[in-house]
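Step one of this worksheet: look at the structure below.
The model shown is predicted, which means the values in this text are computed figures rather than measured ones. Order of the sequence lines sets the chain letters (A, B, ...), proteins ahead of strands, with each chain counted from 1.
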2 protein chains.
Amino acid sequence: MPLPAPIYHLHSPCSSCNLAELCLPADLSANEMHKLDELSTVKRSFARSDYLYRSGDKFRSLFAIHSGSFKTQILHEDGREQVTGFQMAGEIIGLDAISTDTHACDAVALESSVVCELPFNKLEALSREIPLLQRHLHKLMSREIVRDQGIMLLLGSMRAEERLAVFLLNLSQRFATRGLSATQFQLRMSRQEIGSYLGLKLETVSRAFSHFQSERLINVKVRTVEILDLAGLQACLNNTR
Amino acid sequence: MPLPAPIYHLHSPCSSCNLAELCLPADLSANEMHKLDELSTVKRSFARSDYLYRSGDKFRSLFAIHSGSFKTQILHEDGREQVTGFQMAGEIIGLDAISTDTHACDAVALESSVVCELPFNKLEALSREIPLLQRHLHKLMSREIVRDQGIMLLLGSMRAEERLAVFLLNLSQRFATRGLSATQFQLRMSRQEIGSYLGLKLETVSRAFSHFQSERLINVKVRTVEILDLAGLQACLNNTR
DNA sequence: CACGATTTTTGACATATATCAAACCGCATT
DNA sequence: AATGCGGTTTGATATATGTCAAAAATCGTG
(Lines give C-alpha, C1' and ligand atoms only; values in the text may rest on other atoms or scores of the structure.)
Protein backbone atom coordinates (compact mmCIF):
# COMPACT_ATOMS: atom_id res chain seq x y z
CA MET A 1 0.00 0.00 0.00
CA PRO A 2 1.67 3.23 -1.10
CA LEU A 3 2.23 5.79 1.60
CA PRO A 4 0.94 9.29 1.02
CA ALA A 5 3.74 11.27 -0.52
CA PRO A 6 3.46 14.66 1.15
CA ILE A 7 5.38 17.50 -0.33
CA TYR A 8 6.38 20.06 2.26
CA HIS A 9 6.03 23.70 1.45
CA LEU A 10 7.30 26.81 3.11
CA HIS A 11 5.55 28.29 6.07
CA SER A 12 2.66 30.46 4.94
CA PRO A 13 0.82 32.67 7.39
CA CYS A 14 -2.98 32.68 7.79
CA SER A 15 -2.90 36.46 7.69
CA SER A 16 -2.09 36.43 3.99
CA CYS A 17 -4.35 33.51 3.00
CA ASN A 18 -7.16 34.23 0.60
CA LEU A 19 -9.33 31.66 2.36
CA ALA A 20 -9.02 33.31 5.76
CA GLU A 21 -12.61 34.44 5.73
CA LEU A 22 -13.74 30.83 5.41
CA CYS A 23 -11.31 29.42 7.98
CA LEU A 24 -10.96 32.14 10.57
CA PRO A 25 -13.19 34.31 12.72
CA ALA A 26 -13.97 37.76 11.45
CA ASP A 27 -12.97 40.82 13.47
CA LEU A 28 -9.56 39.66 14.65
CA SER A 29 -7.29 42.54 15.59
CA ALA A 30 -3.95 42.94 13.84
CA ASN A 31 -2.29 41.76 17.01
CA GLU A 32 -4.44 38.67 17.24
CA MET A 33 -3.87 37.95 13.58
CA HIS A 34 -0.17 38.18 14.22
CA LYS A 35 -0.41 35.64 17.04
CA LEU A 36 -2.31 33.34 14.71
CA ASP A 37 0.60 33.24 12.34
CA GLU A 38 2.41 31.13 14.96
CA LEU A 39 -0.11 28.48 14.15
CA SER A 40 0.04 27.72 10.49
CA THR A 41 3.17 25.77 9.96
CA VAL A 42 3.39 23.93 6.70
CA LYS A 43 1.28 23.09 3.75
CA ARG A 44 1.21 19.57 2.39
CA SER A 45 0.21 18.40 -1.07
CA PHE A 46 -1.74 15.26 -1.79
CA ALA A 47 -2.49 13.45 -5.01
CA ARG A 48 -5.86 11.89 -5.78
CA SER A 49 -6.56 8.91 -3.48
CA ASP A 50 -3.75 9.78 -1.04
CA TYR A 51 -4.70 9.51 2.61
CA LEU A 52 -4.51 12.67 4.71
CA TYR A 53 -4.96 10.45 7.77
CA ARG A 54 -6.28 7.00 8.54
CA SER A 55 -8.59 5.68 11.18
CA GLY A 56 -6.46 4.78 14.18
CA ASP A 57 -3.74 7.35 13.51
CA LYS A 58 -2.60 9.35 16.50
CA PHE A 59 -4.29 12.77 16.56
CA ARG A 60 -2.03 15.79 16.55
CA SER A 61 -3.51 18.33 14.19
CA LEU A 62 -6.60 19.56 12.51
CA PHE A 63 -6.26 20.32 8.83
CA ALA A 64 -7.56 23.26 6.85
CA ILE A 65 -8.13 22.42 3.22
CA HIS A 66 -6.35 25.03 1.15
CA SER A 67 -7.29 23.67 -2.24
CA GLY A 68 -8.82 20.54 -3.66
CA SER A 69 -11.21 18.25 -1.81
CA PHE A 70 -11.42 15.18 0.38
CA LYS A 71 -13.84 12.53 1.49
CA THR A 72 -14.03 11.13 5.00
CA GLN A 73 -15.17 7.57 5.53
CA ILE A 74 -15.70 5.07 8.29
CA LEU A 75 -14.84 1.45 7.63
CA HIS A 76 -16.73 -1.06 9.72
CA GLU A 77 -14.85 -4.28 10.54
CA ASP A 78 -17.27 -6.37 8.45
CA GLY A 79 -16.30 -4.42 5.34
CA ARG A 80 -19.21 -2.02 5.36
CA GLU A 81 -18.12 1.48 4.51
CA GLN A 82 -19.81 4.80 4.96
CA VAL A 83 -18.67 8.07 3.46
CA THR A 84 -19.38 10.60 6.20
CA GLY A 85 -18.61 13.75 4.27
CA PHE A 86 -17.05 15.54 1.33
CA GLN A 87 -14.87 18.51 2.27
CA MET A 88 -13.66 21.37 0.14
CA ALA A 89 -11.37 24.40 0.33
CA GLY A 90 -11.74 26.47 3.48
CA GLU A 91 -13.18 23.61 5.51
CA ILE A 92 -11.55 22.15 8.62
CA ILE A 93 -11.17 18.43 8.90
CA GLY A 94 -10.25 16.10 11.76
CA LEU A 95 -12.60 17.29 14.52
CA ASP A 96 -13.78 13.76 15.22
CA ALA A 97 -10.30 12.78 16.43
CA ILE A 98 -10.30 15.10 19.45
CA SER A 99 -12.57 12.83 21.44
CA THR A 100 -10.12 9.92 21.71
CA ASP A 101 -6.83 11.44 20.51
CA THR A 102 -7.13 9.03 17.61
CA HIS A 103 -8.57 9.57 14.17
CA ALA A 104 -11.96 7.91 13.91
CA CYS A 105 -12.18 7.89 10.14
CA ASP A 106 -10.07 7.98 6.98
CA ALA A 107 -9.60 11.18 4.99
CA VAL A 108 -8.81 10.62 1.32
CA ALA A 109 -8.02 13.21 -1.35
CA LEU A 110 -10.52 13.25 -4.23
CA GLU A 111 -8.13 15.26 -6.42
CA SER A 112 -4.80 17.04 -6.11
CA SER A 113 -5.13 18.97 -2.91
CA VAL A 114 -3.20 21.12 -0.47
CA VAL A 115 -3.86 21.30 3.27
CA CYS A 116 -2.57 23.45 6.12
CA GLU A 117 -1.69 21.56 9.26
CA LEU A 118 -3.00 23.12 12.49
CA PRO A 119 -1.33 21.55 15.54
CA PHE A 120 -4.17 21.14 18.00
CA ASN A 121 -2.28 21.93 21.19
CA LYS A 122 -1.18 25.24 19.69
CA LEU A 123 -4.75 25.88 18.61
CA GLU A 124 -6.03 25.25 22.12
CA ALA A 125 -3.37 27.48 23.66
CA LEU A 126 -4.17 30.28 21.22
CA SER A 127 -7.88 29.94 21.79
CA ARG A 128 -7.35 30.46 25.53
CA GLU A 129 -5.71 33.77 24.66
CA ILE A 130 -8.05 34.85 21.89
CA PRO A 131 -11.71 34.52 22.90
CA LEU A 132 -12.86 35.16 19.33
CA LEU A 133 -10.79 32.20 18.21
CA GLN A 134 -12.16 30.08 21.03
CA ARG A 135 -15.70 30.91 20.02
CA HIS A 136 -14.85 30.22 16.40
CA LEU A 137 -13.52 26.77 17.22
CA HIS A 138 -16.63 25.99 19.22
CA LYS A 139 -18.84 27.11 16.37
CA LEU A 140 -16.87 24.99 13.95
CA MET A 141 -17.43 21.89 16.03
CA SER A 142 -21.06 22.70 16.65
CA ARG A 143 -21.60 23.30 12.94
CA GLU A 144 -20.23 19.84 12.27
CA ILE A 145 -22.74 18.40 14.76
CA VAL A 146 -25.61 20.23 13.07
CA ARG A 147 -24.41 19.10 9.66
CA ASP A 148 -24.23 15.48 10.78
CA GLN A 149 -27.70 15.67 12.24
CA GLY A 150 -28.98 17.03 8.96
CA ILE A 151 -27.56 13.96 7.28
CA MET A 152 -29.24 11.79 9.87
CA LEU A 153 -32.52 13.40 8.83
CA LEU A 154 -31.69 12.73 5.20
CA LEU A 155 -30.71 9.11 5.78
CA GLY A 156 -33.52 8.43 8.19
CA SER A 157 -36.45 9.90 6.38
CA MET A 158 -35.81 10.88 2.77
CA ARG A 159 -36.29 8.95 -0.43
CA ALA A 160 -33.55 8.39 -2.97
CA GLU A 161 -34.32 11.38 -5.20
CA GLU A 162 -34.77 13.69 -2.26
CA ARG A 163 -31.38 12.66 -0.96
CA LEU A 164 -29.72 13.38 -4.26
CA ALA A 165 -31.49 16.73 -4.52
CA VAL A 166 -30.24 17.70 -1.06
CA PHE A 167 -26.76 16.62 -2.06
CA LEU A 168 -26.75 18.66 -5.26
CA LEU A 169 -28.23 21.73 -3.60
CA ASN A 170 -25.67 21.53 -0.84
CA LEU A 171 -22.81 21.30 -3.34
CA SER A 172 -24.28 24.16 -5.33
CA GLN A 173 -24.44 26.33 -2.26
CA ARG A 174 -20.89 25.55 -1.22
CA PHE A 175 -19.51 26.28 -4.67
CA ALA A 176 -21.37 29.59 -4.66
CA THR A 177 -19.86 30.49 -1.27
CA ARG A 178 -16.45 30.04 -2.87
CA GLY A 179 -17.27 32.36 -5.73
CA LEU A 180 -17.78 29.49 -8.17
CA SER A 181 -20.83 28.77 -10.26
CA ALA A 182 -23.81 27.51 -8.31
CA THR A 183 -25.21 25.84 -11.39
CA GLN A 184 -22.28 24.30 -13.22
CA PHE A 185 -19.66 22.15 -11.59
CA GLN A 186 -17.62 18.99 -11.73
CA LEU A 187 -18.32 16.21 -9.28
CA ARG A 188 -15.08 15.02 -7.72
CA MET A 189 -16.55 11.79 -6.42
CA SER A 190 -17.85 8.62 -8.06
CA ARG A 191 -21.44 7.36 -8.10
CA GLN A 192 -20.34 4.74 -5.62
CA GLU A 193 -19.03 7.39 -3.23
CA ILE A 194 -22.15 9.50 -3.58
CA GLY A 195 -24.19 6.38 -2.92
CA SER A 196 -22.25 5.53 0.19
CA TYR A 197 -22.71 9.06 1.49
CA LEU A 198 -26.44 9.04 0.76
CA GLY A 199 -27.11 5.49 1.93
CA LEU A 200 -27.90 4.29 -1.59
CA LYS A 201 -26.42 1.89 -4.11
CA LEU A 202 -24.56 3.42 -7.03
CA GLU A 203 -27.20 2.22 -9.50
CA THR A 204 -29.89 4.05 -7.57
CA VAL A 205 -27.81 7.23 -7.64
CA SER A 206 -27.31 6.87 -11.37
CA ARG A 207 -31.04 6.36 -11.94
CA ALA A 208 -31.87 9.40 -9.84
CA PHE A 209 -29.46 11.49 -11.92
CA SER A 210 -31.06 10.20 -15.10
CA HIS A 211 -34.52 10.92 -13.81
CA PHE A 212 -33.62 14.51 -12.85
CA GLN A 213 -32.25 14.94 -16.34
CA SER A 214 -35.39 13.59 -17.96
CA GLU A 215 -37.38 16.05 -15.81
CA ARG A 216 -35.18 18.88 -17.14
CA LEU A 217 -34.00 19.73 -13.63
CA ILE A 218 -30.35 19.12 -14.47
CA ASN A 219 -28.02 18.23 -17.27
CA VAL A 220 -25.61 15.56 -16.23
CA LYS A 221 -22.91 13.89 -18.23
CA VAL A 222 -20.98 11.57 -15.95
CA ARG A 223 -19.22 14.01 -13.60
CA THR A 224 -20.28 17.26 -15.21
CA VAL A 225 -23.43 18.70 -13.67
CA GLU A 226 -25.46 21.67 -14.74
CA ILE A 227 -28.43 22.62 -12.62
CA LEU A 228 -31.22 23.90 -14.88
CA ASP A 229 -33.90 24.47 -12.27
CA LEU A 230 -32.74 25.15 -8.73
CA ALA A 231 -36.26 25.84 -7.52
CA GLY A 232 -37.46 22.63 -9.11
CA LEU A 233 -34.81 20.65 -7.28
CA GLN A 234 -35.81 22.32 -4.05
CA ALA A 235 -39.42 21.41 -4.73
CA CYS A 236 -38.45 17.72 -4.74
CA LEU A 237 -37.99 18.02 -1.01
CA ASN A 238 -41.49 19.13 -0.25
CA ASN A 239 -43.14 16.04 -1.67
CA THR A 240 -43.50 14.12 1.54
CA ARG A 241 -43.52 10.40 1.17
CA MET B 1 -49.54 24.09 23.67
CA PRO B 2 -48.57 23.92 27.36
CA LEU B 3 -45.37 25.65 28.30
CA PRO B 4 -42.73 23.71 30.19
CA ALA B 5 -43.33 24.20 33.87
CA PRO B 6 -39.84 24.40 35.35
CA ILE B 7 -39.44 24.17 39.07
CA TYR B 8 -36.40 26.06 40.30
CA HIS B 9 -34.19 24.46 42.91
CA LEU B 10 -31.43 25.78 45.07
CA HIS B 11 -27.95 26.17 43.76
CA SER B 12 -26.07 22.88 43.96
CA PRO B 13 -22.34 22.72 43.28
CA CYS B 14 -20.75 20.33 40.79
CA SER B 15 -18.16 19.44 43.43
CA SER B 16 -20.74 17.56 45.45
CA CYS B 17 -22.59 15.96 42.52
CA ASN B 18 -22.56 12.19 42.28
CA LEU B 19 -22.52 12.43 38.48
CA ALA B 20 -19.38 14.57 38.38
CA GLU B 21 -17.31 11.74 36.96
CA LEU B 22 -19.66 11.54 33.97
CA CYS B 23 -19.96 15.31 33.43
CA LEU B 24 -16.57 16.67 34.39
CA PRO B 25 -12.93 16.06 33.57
CA ALA B 26 -10.97 13.88 35.95
CA ASP B 27 -7.95 15.27 37.78
CA LEU B 28 -9.25 18.73 38.58
CA SER B 29 -7.46 20.32 41.50
CA ALA B 30 -9.43 21.42 44.55
CA ASN B 31 -8.93 24.98 43.45
CA GLU B 32 -10.21 24.30 39.94
CA MET B 33 -13.16 22.41 41.35
CA HIS B 34 -13.94 25.40 43.50
CA LYS B 35 -13.92 27.69 40.46
CA LEU B 36 -16.28 25.32 38.73
CA ASP B 37 -18.85 25.79 41.42
CA GLU B 38 -19.37 29.29 40.04
CA LEU B 39 -20.85 27.58 37.04
CA SER B 40 -23.68 25.37 38.14
CA THR B 41 -26.49 27.67 38.99
CA VAL B 42 -29.87 26.06 39.27
CA LYS B 43 -31.51 22.76 38.65
CA ARG B 44 -34.80 22.58 36.82
CA SER B 45 -37.39 19.81 36.86
CA PHE B 46 -39.35 18.66 33.84
CA ALA B 47 -42.32 16.36 33.51
CA ARG B 48 -42.70 13.83 30.73
CA SER B 49 -43.15 15.54 27.34
CA ASP B 50 -42.05 18.96 28.62
CA TYR B 51 -39.67 20.81 26.34
CA LEU B 52 -36.22 21.65 27.70
CA TYR B 53 -35.77 23.87 24.66
CA ARG B 54 -37.24 24.22 21.21
CA SER B 55 -35.74 24.65 17.81
CA GLY B 56 -35.31 28.38 17.23
CA ASP B 57 -34.88 29.28 20.91
CA LYS B 58 -32.05 31.63 21.71
CA PHE B 59 -29.00 29.73 22.94
CA ARG B 60 -27.67 30.65 26.34
CA SER B 61 -26.78 27.45 28.13
CA LEU B 62 -25.85 23.87 27.79
CA PHE B 63 -27.68 21.46 30.06
CA ALA B 64 -26.34 18.57 32.07
CA ILE B 65 -28.96 15.92 32.66
CA HIS B 66 -28.99 15.20 36.36
CA SER B 67 -31.71 12.56 36.32
CA GLY B 68 -34.23 11.23 33.86
CA SER B 69 -33.86 11.29 30.09
CA PHE B 70 -34.62 13.30 26.99
CA LYS B 71 -34.95 12.90 23.27
CA THR B 72 -33.72 15.44 20.74
CA GLN B 73 -35.49 15.78 17.43
CA ILE B 74 -35.40 17.83 14.26
CA LEU B 75 -38.67 18.78 12.65
CA HIS B 76 -38.49 19.41 8.93
CA GLU B 77 -40.93 21.98 7.57
CA ASP B 78 -42.82 19.35 5.57
CA GLY B 79 -43.69 17.51 8.76
CA ARG B 80 -40.94 14.95 8.60
CA GLU B 81 -39.37 14.37 11.96
CA GLN B 82 -36.13 12.74 12.96
CA VAL B 83 -35.15 11.81 16.50
CA THR B 84 -31.43 12.60 16.61
CA GLY B 85 -30.67 11.14 20.01
CA PHE B 86 -31.76 9.88 23.40
CA GLN B 87 -29.87 11.40 26.32
CA MET B 88 -29.58 10.18 29.88
CA ALA B 89 -28.14 11.24 33.24
CA GLY B 90 -24.62 12.63 33.08
CA GLU B 91 -24.88 13.62 29.43
CA ILE B 92 -24.60 17.18 28.13
CA ILE B 93 -27.21 18.47 25.76
CA GLY B 94 -27.44 21.55 23.54
CA LEU B 95 -24.07 21.48 21.76
CA ASP B 96 -25.73 21.90 18.36
CA ALA B 97 -26.92 25.39 19.34
CA ILE B 98 -23.44 26.90 19.62
CA SER B 99 -23.03 27.14 15.87
CA THR B 100 -25.78 29.69 15.31
CA ASP B 101 -26.60 30.88 18.84
CA THR B 102 -29.98 29.27 18.25
CA HIS B 103 -31.18 25.81 19.18
CA ALA B 104 -31.30 23.62 16.10
CA CYS B 105 -33.54 20.93 17.55
CA ASP B 106 -36.16 20.27 20.21
CA ALA B 107 -35.28 18.56 23.47
CA VAL B 108 -38.21 16.78 25.11
CA ALA B 109 -38.29 14.97 28.46
CA LEU B 110 -39.12 11.27 28.15
CA GLU B 111 -39.89 11.03 31.89
CA SER B 112 -39.64 13.20 35.00
CA SER B 113 -36.20 14.70 34.74
CA VAL B 114 -33.88 17.21 36.36
CA VAL B 115 -31.25 19.21 34.51
CA CYS B 116 -28.43 21.56 35.54
CA GLU B 117 -28.16 24.71 33.50
CA LEU B 118 -24.63 25.61 32.39
CA PRO B 119 -24.47 29.18 31.06
CA PHE B 120 -22.24 28.94 28.04
CA ASN B 121 -20.42 32.22 28.37
CA LYS B 122 -19.37 31.26 31.88
CA LEU B 123 -18.31 27.87 30.59
CA GLU B 124 -16.16 29.47 27.92
CA ALA B 125 -14.59 31.88 30.40
CA LEU B 126 -13.80 29.07 32.81
CA SER B 127 -12.38 26.89 30.09
CA ARG B 128 -9.93 29.66 29.19
CA GLU B 129 -8.70 29.51 32.77
CA ILE B 130 -8.77 25.74 33.23
CA PRO B 131 -7.09 23.90 30.34
CA LEU B 132 -8.40 20.56 31.58
CA LEU B 133 -11.93 21.90 31.32
CA GLN B 134 -11.21 23.31 27.87
CA ARG B 135 -9.98 19.95 26.69
CA HIS B 136 -12.99 18.28 28.27
CA LEU B 137 -15.40 20.53 26.44
CA HIS B 138 -13.62 19.85 23.16
CA LYS B 139 -13.77 16.12 23.76
CA LEU B 140 -17.45 16.37 24.56
CA MET B 141 -18.18 18.05 21.25
CA SER B 142 -15.92 15.73 19.32
CA ARG B 143 -17.58 12.72 20.94
CA GLU B 144 -20.93 14.01 19.74
CA ILE B 145 -19.53 14.23 16.21
CA VAL B 146 -18.24 10.65 16.39
CA ARG B 147 -21.54 9.46 17.80
CA ASP B 148 -23.48 11.14 15.00
CA GLN B 149 -21.20 9.63 12.40
CA GLY B 150 -21.79 6.22 13.92
CA ILE B 151 -25.51 6.79 13.42
CA MET B 152 -24.84 7.81 9.84
CA LEU B 153 -23.16 4.43 9.35
CA LEU B 154 -26.15 2.74 10.95
CA LEU B 155 -28.70 4.63 8.86
CA GLY B 156 -26.70 4.40 5.68
CA SER B 157 -25.72 0.78 5.64
CA MET B 158 -27.46 -1.41 8.19
CA ARG B 159 -30.60 -3.48 7.95
CA ALA B 160 -33.53 -3.11 10.31
CA GLU B 161 -32.50 -5.80 12.79
CA GLU B 162 -28.91 -4.68 12.84
CA ARG B 163 -30.06 -1.16 13.66
CA LEU B 164 -32.17 -2.38 16.54
CA ALA B 165 -29.32 -4.54 17.83
CA VAL B 166 -26.97 -1.55 17.79
CA PHE B 167 -29.59 0.48 19.61
CA LEU B 168 -30.11 -2.11 22.33
CA LEU B 169 -26.39 -2.74 22.80
CA ASN B 170 -25.76 0.98 23.08
CA LEU B 171 -28.47 1.38 25.71
CA SER B 172 -27.16 -1.63 27.56
CA GLN B 173 -23.69 -0.17 27.65
CA ARG B 174 -24.86 3.21 28.85
CA PHE B 175 -26.96 1.71 31.62
CA ALA B 176 -23.96 -0.34 32.72
CA THR B 177 -21.77 2.81 32.81
CA ARG B 178 -24.29 4.24 35.26
CA GLY B 179 -24.12 1.22 37.53
CA LEU B 180 -27.45 -0.14 36.31
CA SER B 181 -28.14 -3.53 34.84
CA ALA B 182 -26.77 -4.05 31.34
CA THR B 183 -29.35 -6.74 30.66
CA GLN B 184 -32.61 -5.55 32.18
CA PHE B 185 -34.04 -2.13 31.65
CA GLN B 186 -37.09 -0.08 30.82
CA LEU B 187 -37.31 1.71 27.51
CA ARG B 188 -38.37 5.29 28.03
CA MET B 189 -39.32 5.84 24.40
CA SER B 190 -42.09 4.55 22.16
CA ARG B 191 -41.71 2.25 19.15
CA GLN B 192 -42.44 5.28 17.01
CA GLU B 193 -39.57 7.22 18.61
CA ILE B 194 -37.18 4.30 18.27
CA GLY B 195 -38.25 3.99 14.65
CA SER B 196 -37.65 7.66 13.95
CA TYR B 197 -34.20 7.42 15.51
CA LEU B 198 -33.33 4.28 13.52
CA GLY B 199 -34.87 5.38 10.24
CA LEU B 200 -37.59 2.72 10.41
CA LYS B 201 -41.36 2.60 10.75
CA LEU B 202 -42.73 1.64 14.11
CA GLU B 203 -44.15 -1.63 12.75
CA THR B 204 -40.70 -2.63 11.55
CA VAL B 205 -39.26 -1.92 14.98
CA SER B 206 -41.98 -3.99 16.59
CA ARG B 207 -41.35 -6.89 14.24
CA ALA B 208 -37.62 -6.77 14.89
CA PHE B 209 -38.27 -6.91 18.64
CA SER B 210 -40.56 -9.89 18.14
CA HIS B 211 -38.02 -11.63 15.97
CA PHE B 212 -35.22 -11.16 18.52
CA GLN B 213 -37.54 -12.62 21.12
CA SER B 214 -38.36 -15.64 18.96
CA GLU B 215 -34.62 -16.15 18.52
CA ARG B 216 -34.21 -16.10 22.32
CA LEU B 217 -31.87 -13.10 22.13
CA ILE B 218 -34.11 -10.94 24.29
CA ASN B 219 -37.29 -10.97 26.30
CA VAL B 220 -39.41 -7.97 25.55
CA LYS B 221 -42.78 -7.00 26.88
CA VAL B 222 -43.68 -3.60 25.55
CA ARG B 223 -41.16 -1.33 27.27
CA THR B 224 -39.48 -3.89 29.51
CA VAL B 225 -36.40 -5.41 27.91
CA GLU B 226 -34.23 -8.24 29.12
CA ILE B 227 -31.20 -9.14 27.05
CA LEU B 228 -30.69 -12.90 27.16
CA ASP B 229 -27.73 -13.18 24.80
CA LEU B 230 -25.49 -10.13 24.48
CA ALA B 231 -23.02 -11.98 22.29
CA GLY B 232 -25.83 -13.18 20.07
CA LEU B 233 -27.05 -9.62 19.59
CA GLN B 234 -23.54 -8.54 18.73
CA ALA B 235 -23.32 -11.35 16.22
CA CYS B 236 -26.28 -9.85 14.33
CA LEU B 237 -23.95 -7.09 13.24
CA ASN B 238 -21.46 -9.32 11.52
CA ASN B 239 -23.94 -10.72 9.06
CA THR B 240 -23.18 -8.39 6.21
CA ARG B 241 -26.01 -7.83 3.86
C1' DC C 1 -63.08 -1.04 38.24
C1' DA C 2 -64.47 0.35 33.90
C1' DC C 3 -63.82 3.32 30.10
C1' DG C 4 -61.71 5.38 26.27
C1' DA C 5 -57.41 6.61 24.33
C1' DT C 6 -53.00 5.31 23.05
C1' DT C 7 -49.51 2.13 21.96
C1' DT C 8 -48.16 -2.26 20.38
C1' DT C 9 -48.50 -6.40 17.79
C1' DT C 10 -49.57 -9.02 13.83
C1' DG C 11 -51.13 -9.92 9.10
C1' DA C 12 -51.76 -9.08 4.07
C1' DC C 13 -50.18 -6.58 0.49
C1' DA C 14 -47.54 -2.66 -2.05
C1' DT C 15 -43.44 -0.48 -3.40
C1' DA C 16 -38.87 1.65 -3.31
C1' DT C 17 -34.55 0.28 -3.61
C1' DA C 18 -31.19 -3.57 -4.00
C1' DT C 19 -29.29 -7.08 -6.77
C1' DC C 20 -27.59 -9.13 -10.84
C1' DA C 21 -26.26 -8.64 -15.45
C1' DA C 22 -25.01 -6.63 -19.75
C1' DA C 23 -23.86 -2.90 -22.63
C1' DC C 24 -21.78 1.50 -23.02
C1' DC C 25 -18.65 5.23 -22.41
C1' DG C 26 -14.58 7.97 -21.39
C1' DC C 27 -9.98 8.16 -20.20
C1' DA C 28 -5.26 6.73 -20.02
C1' DT C 29 -1.66 4.13 -22.10
C1' DT C 30 0.71 2.29 -25.79
C1' DA D 1 -5.71 5.07 -33.67
C1' DA D 2 -6.32 0.87 -31.08
C1' DT D 3 -6.61 -1.34 -26.52
C1' DG D 4 -7.97 -2.09 -21.99
C1' DC D 5 -10.10 -0.80 -17.76
C1' DG D 6 -12.82 1.27 -14.42
C1' DG D 7 -16.85 3.84 -14.02
C1' DT D 8 -21.57 4.59 -15.60
C1' DT D 9 -26.02 3.61 -17.45
C1' DT D 10 -29.91 0.79 -18.18
C1' DG D 11 -32.90 -3.33 -17.80
C1' DA D 12 -35.10 -7.34 -15.47
C1' DT D 13 -36.02 -9.22 -11.26
C1' DA D 14 -35.78 -9.93 -6.04
C1' DT D 15 -36.46 -8.44 -1.47
C1' DA D 16 -36.57 -5.63 2.69
C1' DT D 17 -39.26 -2.47 4.49
C1' DG D 18 -43.33 0.46 4.10
C1' DT D 19 -48.38 0.85 4.09
C1' DC D 20 -52.88 -0.15 5.54
C1' DA D 21 -55.85 -2.40 8.63
C1' DA D 22 -57.53 -4.77 12.59
C1' DA D 23 -56.97 -6.91 16.96
C1' DA D 24 -54.73 -6.97 21.43
C1' DA D 25 -52.50 -5.00 25.22
C1' DT D 26 -51.49 -1.13 28.14
C1' DC D 27 -52.18 3.16 30.35
C1' DG D 28 -54.47 7.05 32.36
C1' DT D 29 -58.55 8.79 34.49
C1' DG D 30 -63.00 9.39 36.39
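- Each of C/dT8, D/dC20, D/dT17 was ranked by its minimum atom distance to the side chain of B/Glu203; first place goes to D/dC20.
- As rounded to whole Å, 14 Å separates atom C1' of D/dT17 from atom CZ of A/Arg159.
- Closest approach to the B/Thr204 side chain among D/dG18, C/dT8, D/dA12 is made by D/dG18 (side chain taken as heavy atoms from C-beta onward).
- One atom, CD of A/Glu162, and another, P of C/dA16, lie 12 Å apart when rounded to the nearest Å.
- Contact annotation for A/Ser210: backbone-only contact, meaning every heavy-atom pair under 4.0 Å involves sugar-phosphate atoms and none involves a base.
- Heavy atoms of A/Gly199 sit under 4.0 angstrom from primed sugar atoms or phosphate atoms, though from no base atom.
- Closest-nucleotide positions on DNA chain C for A/Val222 and A/Val205 were compared, and the one nearer the 5' end corresponds to A/Val205.
- In this structure, NE2 of A/His211 is placed 12 Å from P of C/dA16, rounded to the nearest angstrom.
- A/Arg207 has no side-chain polar atom (N or O) that falls below the 4.0 Å cut-off from OP1 or OP2 of C/dT17.
- A salt bridge is absent between A/Arg48 and A/Glu111: the closest approach of a Lys/Arg side-chain nitrogen to an acidic carboxylate oxygen does not fall below 4.0 angstrom.
- Atom CG of A/Leu118 sits about 7.5 Å away from atom SG of A/Cys23, to the nearest 0.5 Å.
- Here A/Glu162 pairs with B/Arg80 in a salt bridge; the nearest charged N to carboxylate O distance falls below 4.0 Å.
- When heavy atoms are screened at a 4.0 angstrom cut-off, B/Ser206 is found touching base atoms of the nucleic acid.
- Distance CZ (A/Arg48) to P (C/dA28): 10 Å, rounded to an integer number of Å.
- Taking atom NZ of B/Lys221 as the reference point, atom P of C/dT9 lies 11 Å away to the nearest angstrom.
- Between B/Leu202 atom CG and D/dC20 atom C1' the separation is 12 Å, expressed in whole Å.
- For the pair A/Gln186 CD and D/dG7 C1', the interatomic distance rounds to 15 Å; values are reported in whole Å.
- Contact annotation for B/Arg223: backbone-only contact, meaning every heavy-atom pair under 4.0 Å involves sugar-phosphate atoms and none involves a base.
- Using a 4.0 Å heavy-atom distance criterion, A/Leu200 is classed as a sugar-phosphate-only contact.
- Distance CZ (A/Arg163) to P (C/dA18): 8 Å, rounded to an integer number of Å.
- Closest approach of A/Cys17 to A/His66, counting heavy atoms only: SG-CD2, 3.9 Å.
- With A/Thr84 as the fixed residue, the side-chain hydrogen bond (donor to acceptor under 3.5 Å, both in side chains) test singles out one of A/Thr72, A/Asp148, A/Asp96: A/Thr72.
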